[in-house]
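Position 1 is the first residue of the sequence; numbering continues from there. The shown structure was predicted, so the numbers you read here are calculated from the model rather than taken from an experiment.
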Amino acid sequence: INMIKSLKASGKSQNPVLSHYPAAWDSFNQNNIGVTTICKSFFNERNMISFLGAEFINTNEMQPSPYVAGGFLFCEGKMLNDVPFDPTLDYLFVGEEILHSIRIWTSGYDIFTPNENIAFHEYTRSEKPKIWTDKTYTDEDALNKVKELIGLLNNRNDYKNYAYNIGTKRSLEDYYKFAGIDLKNKKVTKNFCRKDYIDNDETIKHTSKPTEKIIEHFSSNISNESNIRDTHYKKSHQSNKDIYLFILLGILVLLILLK
């Protein structure tokens, strides 16, 4: 609450939103580790914009960011009225955060990384049950909807009056300029963990020795969760294809027997 008040009082934003990936729960008792910051995004193998983990940054400032994360999102209640969560994106994991980031920013809200770690999260949880091990599902429809909404696919549907569309206070093009996302060349040119956001087109390197292991653990866990979900999607999608093929073959055999 004090962070929101500070941002408004300083004139930096009258519509601030605080968001980032929370630090890993096992770093709770670590001192001076900095604040976990989403540095940049990238185009994954499904041609969706995904976030490239996070890095610990030591700063007292609340840094501007184009990205919101589901793990920590704090704002005034009016934002939830202006930008309600889309309830139609069944089973979507990678793609939901970039859509919500764009909808929030284009609705006139400014995103900032908090200047201290408030919440902590248990990542990976390798020994605990997951939805993708209990259920066969596909996110294909939701993924394609998001791609249309954010300009990665040509619109095959009319979303002009869609209740969960992108905002109208700022343009989609201006969002991509701010985030440094080049749709044409499928490249991201800004790194929000670097001075003046200059990106040297290299994978983020973790050089802070006291927290190097923590950072590597944190970033790899974020990436692992996304990779696990994407891998499960491929297996699930292939499994569905196999089931449809089996049913089709069964129908053909039945038709032959009926003759």
Can a donor-acceptor pair be found between the side chains of [X] and [Y] at a distance below 3.5 Å?
X: Thr88; Y: Asp86; value: yes
X: Thr36; Y: His20; value: yes
X: Tyr162; Y: Glu148; value: no

Can you tell me if [X] uses its side chain to pair, donor with acceptor, with the backbone of [Y] under 3.5 Å?
X: Lys190; Y: Val188; result: no
X: Ser6; Y: Asn2; result: no
X: Asp158; Y: Lys160; result: yes
X: Thr37; Y: Cys39; result: no

When Phe51, Tyr21, Trp105 are each screened for side-chain contact (heavy atoms from CB on, under 4.5 Å) with Tyr67, the one that passes is Phe51
Given the options Asn115, Ile118, Leu7, Leu18 meets side-chain contact (heavy atoms from CB on, under 4.5 Å) only with Leu7
| Above 12 or not: heavy atoms from other molecules or residues under 6.0 Å from NZ of Lys169? | no
### Message
Determine whether the aromatic ring centres of residues Phe192 and Phe178 are separated by less than 6.0 angstrom.
### Response
yes
Check your understanding: Hey, quick one: are Phe74 and Phe85 part of the same hydrophobic cluster, counting side-chain heavy atoms closer than 4.5 Å, chains of contacts allowed?
Key -> no
Search all heavy atoms of [X] against all heavy atoms of [Y] and return the closest pair with its distance.
X: Ile181; Y: Ser41; result: CD1-OG, 3.7 Å
X: Gly151; Y: Leu183; result: O-CD1, 3.9 Å
X: Phe43; Y: Lys187; result: CE1-N, 3.5 Å

Salt bridge check, [Y] against [X]: does any charged N sit closer than 4.0 Å to a carboxylate O?
X: Glu55; Y: Lys40; value: no
X: Asp90; Y: Lys145; value: no
X: Arg46; Y: Asp139; value: yes

The reported gap from CD in Glu61 to OG1 in Thr113 (rounded to nearest 0.5 angstrom) is 12.0 Å
